[in-house]
Number of protein chains: 2
Amino acid sequence: MTEHGESARGEAESPSAERGRRGAGRDRGHADARLRSHDLQLDERSKAIIEALQHDGRRSYADIAKEVGLSEAAVRQRVAKLVENGTMQIVAVTNPMQLGFQRQAMLGLQVTGDLAPLADEICGMEQVDYVVAAAGTYDLLVEVVCEDDEELLALLGRIRTLPQVLRTEVMTYLKLWDQRYNWGTR
Amino acid sequence: MTEHGESARGEAESPSAERGRRGAGRDRGHADARLRSHDLQLDERSKAIIEALQHDGRRSYADIAKEVGLSEAAVRQRVAKLVENGTMQIVAVTNPMQLGFQRQAMLGLQVTGDLAPLADEICGMEQVDYVVAAAGTYDLLVEVVCEDDEELLALLGRIRTLPQVLRTEVMTYLKLWDQRYNWGTR
DNA sequence: AATGAAAATTTGACGAC
DNA sequence: GTCGTCAAATTTTCATT
């Protein structure tokens, strides 16, 4: 079944399906904003389904069904809906460290001018995995993942060269303590 | 993703399976550090497998096999190994916004004393989804996801009350631009 | 890594609540 | 609209090479 595979990402283009928290796909605005957060009211069983899949995205529907007290078909339908909604997506997430990316950092950028085009340009850089506009000291927060210091240095050079970037602060990661993705079920 | 997540930061039970990037699980130290990043050399087919699963974590092995030119069994074995290693994990990631968490922020903390116990305590707060020790202006970067401003305010109150926290800067998220999780295959 | 057979799961359709 | 049952198709598992 390529299917469910497909359906799962089928809409890859589908908005929220594209991202979870950091590390999830890359969706930006939600294309289908039909469903607003306040419209969503998950019952306990859907939450349980999400929790199960947050632990193991390939767990069988039958297995989950037994756990939450629904039929396999019901679980399947709910998962499909959650994915269509963009409420959830099932994906592989990789470990940068294990893959040889040993230098991660958060960049705090103070910029001038229109944020959108700048953000787009920065998003286009392959070492960048997270770009968010913020209110506070920095206008843009950018998380980057590099193989080593040399790559980070080169990246900083490119970013600082951008005309709109006034100041760049580098917050090098020393140790990652915690990271979660269990929204909606806490 | 304990895998990469985990390996990155922990060895949760399944290491990387527990986290991707932000938003992935919550692994911290890697128990099975057998595999160090520099030991890892993925061939093109494993990369292709990872890429396929990054798009759709439930895609069938048979389907992937056709695409990468391996047998189903081979794909399955490689995936199992990648997950065991903590290089990758397949999980559901949810969209905070869609689930009613409309206030996200990055907190920059300046602290004193031993970082570890403080980081652990902050990790224990349910609104916290990402804690990283950094070099720079802030000792600790904490990403939080709240339902609303009231919850954020309450959380800030708790954090600022902690004896070790000298200063807290709040960088409220205005717009999420990009978020990726395709490490290892860029 | 690949093959083949057995077991389990997913899929799609249909009916019921 | 959501759920459950059922049979068919597909996939996964496991032993084997």
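In what follows, chains carry the letters A, B, and so on, assigned in the order in which the sequence lines appear, proteins first and then strands, with residues in each chain numbered from 1.
For the pair I64(B) CD1 and dT11(D) C1', the interatomic distance rounds to 12 Å; values are reported in whole Å. Across the protein-nucleic acid pair, K66(A) atom NZ and dG4(D) atom P stand 15 Å apart, rounded to whole Å. Atom CD in E84(A) sits about 11 Å away from atom P in dT2(D), given to the nearest Å. E67(B) has its CD atom 14 Å from the P atom of dT11(D), to the nearest Å. Between D63(B) atom CG and dT10(C) atom C1' there is a gap of 13 Å when expressed in whole angstrom units. In this structure, D56(A) places its CG atom 14 Å from C1' of dT12(D), rounding to the nearest Å.
Looking at residues two or more places apart in sequence or on another chain, you find no side chain to side chain donor-acceptor pair (under 3.5 Å) involving E121(A). Scored by the side chain to side chain donor-acceptor pair (under 3.5 Å) test, D149(A) finds R103(A) as partners (sequence neighbours excluded). Residues meeting the side-chain contact (heavy atoms from CB on, under 4.5 Å) test with R45(B), sequence neighbours left out: D43(B), L70(B), R78(B).
Among the nucleotides dT10(C), dT12(D), dA1(C), the one closest to any side-chain atom of Y61(A) is dT10(C).
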Which atoms of nucleotides 2-5 of chain C (N or O only) lie under 3.5 Å from a protein N or O atom, and what are those distances?
{"unit_1": "dA2(C)", "atom_1": "OP2", "unit_2": "S71(B)", "atom_2": "N", "d": "2.9"}
{"unit_1": "dA2(C)", "atom_1": "OP2", "unit_2": "S71(B)", "atom_2": "OG", "d": "2.7"}

Hey, what are the protein-to-nucleotides 15-17 of chain C N/O distances that come in under 3.5 Å?
none

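Side-chain atoms of D139(A) come within 3.5 Å of backbone atoms of V111(A) as a donor-acceptor pair (strictly under, hydrogens ignored). Of the possible polar contacts, none joining the R76(A) side chain to the Y61(A) backbone as a donor-acceptor pair under 3.5 Å is found. With hydrogens and angles disregarded, no donor-acceptor distance shorter than 3.5 Å links the side chain of D63(B) to the backbone of R59(B). Not one N or O on the side chain of S46(A) forms a donor-acceptor pair closer than 3.5 Å with the backbone of L42(A).
When the shell of 6.0 Å around CZ of R167(A) is examined, it contains more than 12 heavy atoms from other residues, nucleotides or ligands.
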Could you go through the side chain to side chain contact (heavy atoms under 4.5 Å, CB included) check for C123(A) and V128(A) one step at a time?
-> CA-CA 6 Å; C123(A) 286; V128(A) 173; 5.5 Å; no
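In summary, the side chains of E143(A) and Y130(B) do present a donor paired with an acceptor at a separation below 3.5 Å, with no hydrogens or angles considered.
End-to-end axis angle of the helix from dA1(C)-dT17(D) to dC17(C)-dG1(D), using five pairs per end and rounding to 10°, comes to 40°.
Side-chain N/O atoms of K81(A) include none lying less than 4.0 angstrom from OP1 or OP2 on dG1(D). Dashed line: the shortest gap from a side-chain N or O of R59(A) to OP1 or OP2 of dT9(C) is not under 4.0 Å.
Tracing side-chain contacts under 4.5 Å through hydrophobic residues (I, L, V, M, F, W, Y), one reaches L152(B) starting from L162(B); they form part of the same cluster.
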